[in-house]
Amino acid sequence: MTTQPDTPQNASHAAHDALPRQHHQRRVVFDAPFTDRSAWAVGRTSAYPDGGRNPGDNKLDQIGPAYGPTDAGVFRARRAPGGLWHTDLVSTEYAPGGFELLPDDELTATCVVHATLGAWPALWTWGRDTATGSPQPGHGEIDLFEYHSTNPRLLELSNHVRPAGHEAADVIAPGRPFRLRVRFGTDDVSWSVDDDVVFRDGRGVGPRWRAWPVVNISVAAGAYGHRPPGPRTDLLHWECADLTVTR
């Protein structure tokens, strides 16, 4: 597989990208379907507290091994007793394969989000501790995107490793598939939607970054202007397909 060059924001980015793209043939290193339990673990991530709830992050989630996406990559949140929601999540962290993203990897996926109040789709990363037992900077977290229906045409893009972020407005529409591509450069993380570069952070992940991909849906609890589901809503969902990593 040969990738096409990003549209650079300035000449320095162009120079940075030119050499590796000319001389490096990218290859697929991960494209496991969500049904592959050797590649994906269901309902487990060390990013969440023990017990699978995360109210400190404005989430009504209850994750667990029973809550995974459909074979077609539909991630659902179902209303549960006590004000919680059973939310689908997969990660490679606890899977037997233990796949980890590395600097200069590129991840692509086709996504569809829906403007239902409370829905919080996300595609992100979470990193293992260093050899000394300390967390990576920002826990290795890169938010390939977060979405809230209170801003139905906007994607939130964030680098927590070397802090940077951007709110990409008017790049998607609810119910319409979009192709997301993120390249985790050492000095520059680049986000593209439908082959248009929407953000380059000029920060990157550094040379020692490694992180597990995580795909999930959360449910907003109402803080930060993100409204919770309406009382008659019992199901939220979004779709993720064709997730592939090249190196």
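Atom set for the values below is all heavy atoms of this structure, side chains included, hydrogens, waters and symmetry mates excluded. The model shown is predicted, which means the values in this text are computed figures rather than measured ones.
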Does the pair Arg78 and Asp88 meet the rule for a salt bridge (charged side-chain N to carboxylate O under 4.0 Å, His left out), with working shown?
-> CA-CA 9 Å; Arg78 290 137 294 192; Asp88 292 347; 2.3 Å; yes
Going through the distances and angles, do Arg181 and Leu107 end up as a side-chain contact (heavy atoms from CB on, under 4.5 Å)?
-> CA-CA 6 Å; Arg181 176 165 57 91; Leu107 186 151; over 6 Å; no
What's the verdict on side-chain contact (heavy atoms from CB on, under 4.5 Å) for Thr70 and Arg76, showing C-alpha distance, side-chain angles and the deciding distance?
-> CA-CA 8 Å; Thr70 70; Arg76 301 151 299 172; 3.6 Å; yes
side-chain contact (heavy atoms from CB on, under 4.5 Å) between Val245 and Asp31: does it pass, once the steps are laid out?
-> CA-CA 6 Å; Val245 179; Asp31 60 354; over 6 Å; no
Show your working on side-chain contact (heavy atoms from CB on, under 4.5 Å) between Leu180 and Thr108 and close with a plain yes or no.
-> CA-CA 5 Å; Leu180 179 74; Thr108 60; over 6 Å; no
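With a 6.0 Å radius and a threshold of 12 heavy atoms from other residues, nucleotides or ligands, Arg208 has its CZ atom at or below the threshold. By the 6.0 Å contact criterion, CZ on Arg179 is enclosed, its count of non-hydrogen atoms from other residues, nucleotides or ligands being greater than 12.
Shown here for Leu60 and Ala220, the closest heavy-atom pair between the two residues is CD1-O, 3.7 Å. Considering all non-hydrogen atoms of both residues, Pro152 and Ile172 come closest at O-CD1, 3.4 Å. Across every non-hydrogen atom of Pro121 and Phe145, the tightest pair is O-CE1, 3.9 Å. Counting all heavy atoms, side chain and backbone alike, Ala77 lies closest to Ile217 at N-CG2, 4.0 Å. The two residues Gly206 and Pro103 have their closest heavy-atom pair at O-CG, 3.4 Å. Among all heavy-atom pairs drawn from Phe75 and Gly73, the shortest one is CD1-O, 3.4 Å.
Remark: Ser38 pairs with Asp36 by the side-chain contact (heavy atoms from CB on, under 4.5 Å) rule, at least two apart or across chains.
Without hydrogens or angle criteria, Thr92 side chain to Phe99 main chain gives a donor-acceptor distance under 3.5 Å. A donor-acceptor distance shorter than 3.5 angstrom exists from the side chain of Arg37 to the backbone of Phe34, with no hydrogens or angles considered. Not a single donor-acceptor pair under 3.5 Å links the side chain of Asp187 to the backbone N or O of Gly204. Of the possible donor and acceptor atoms, one in the side chain of Thr45 sits under 3.5 Å from a partner among the backbone N and O of Ala47. Formation of a donor-acceptor pair under 3.5 Å by the Asp242 side chain with backbone atoms of Thr110 is not found in this model. Formation of a donor-acceptor pair under 3.5 Å by the Arg79 side chain with backbone atoms of Thr233 is found in this model. Here the side chain of Gln62 pairs a donor or acceptor atom with the backbone of Gly51 at under 3.5 angstrom. Proximity of a side-chain donor or acceptor of Ser218 to a complementary backbone N or O of Ala119 within less than 3.5 Å is not detected.
Here Cys111 contributes atom SG and Arg176 contributes atom CZ; the two are 13.0 Å apart, rounded to the nearest 0.5 Å. Taken to the nearest 0.5 Å, the NE2 atom of His148 stands 12.0 Å off from the CG atom of Leu117. Put simply, CG on Asp105 and CZ on Arg247 are 4.0 Å apart, with the number rounded to the nearest 0.5 Å.
The salt bridge (charged side-chain N to carboxylate O under 4.0 Å, His left out) contacts involving residues 116-143 comprise Glu100-Arg128, where partners must be two or more places apart or lie in separate chains.
Tyr67 and Val90 are assigned to two separate hydrophobic clusters, defined by single-linkage of ILVMFWY side chains at heavy-atom distances under 4.5 Å. By the criterion of side-chain heavy atoms lying less than 4.5 angstrom apart, applied directly or through intervening Ile, Leu, Val, Met, Phe, Trp or Tyr residues, Trp120 is not grouped with Leu123; the two fall into different hydrophobic clusters. Cluster annotation: Trp212 is not connected to Phe184 through the hydrophobic network of ILVMFWY side chains, with a link wherever side-chain heavy atoms come within less than 4.5 Å. Following chains of ILVMFWY side-chain contacts shorter than 4.5 Å, one cannot reach Leu155 starting from Val214, and the two form parts of different hydrophobic clusters. Note on Ile63: it does not cluster hydrophobically with Val215, by side-chain heavy-atom contacts below 4.5 Å among ILVMFWY residues.
Put simply, the side chain of Ile142 reaches to within 4.5 Å of the side chain of Trp191, judged on heavy atoms. The shortest side-chain heavy-atom distance between Leu154 and Asp170 does not fall under the 4.5 Å cut-off. The shortest distance between side-chain heavy atoms of Phe178 and Val112 does not fall below 4.5 Å. Looking at heavy atoms from C-beta onward, Val219 lies out of side-chain contact with Pro228 at the 4.5 angstrom threshold. Residues Pro163 and Arg203 have side chains in contact (heavy-atom distance under 4.5 Å, counting atoms from C-beta outward). Put simply, the side chain of Pro207 reaches to within 4.5 Å of the side chain of Thr186, judged on heavy atoms. With a 4.5 Å cut-off on side-chain heavy atoms, Val182 and Ser192 do not count as touching. Using a 4.5 Å cut-off on side-chain heavy atoms (C-beta onward), Leu157 and Leu144 make no contact.
With no hydrogens or angles considered, a side-chain donor-acceptor pair links Asn159 and Asp201 at under 3.5 Å. In the model, Thr130 has no side-chain atom that pairs as donor or acceptor with a side-chain atom of Gln136 under 3.5 Å. In this model, no donor atom of one side chain and acceptor atom of the other lie less than 3.5 Å apart for Glu156 and His166. A side-chain donor from one of Ser46 and Trp126 sits under 3.5 Å from a side-chain acceptor of the other. Side chain to side chain, Tyr48 and Asp61 meet the donor-acceptor criterion of an N or O pair below 3.5 Å. For the residue pair Asn216 / Trp124, a side-chain donor-acceptor distance below 3.5 Å is found, with atom types taken as modelled. At a cut-off of 3.5 Å, with distance as the only test, no side-chain donor of Thr35 or Asp71 sits close to an acceptor on the other residue. Residues Arg44 and Ser91 bring no donor and acceptor atom of their side chains to less than 3.5 Å of each other.
Aromatic pair His114/Trp238: centroids not less than 6.0 angstrom apart. With ring centers used as reference points, Trp40 lies under 6.0 Å from Phe30.
If you run side chain to side chain donor-acceptor pair (under 3.5 Å) between Thr246 and each of Gln25, Arg26, Arg183, only Arg26 comes through.
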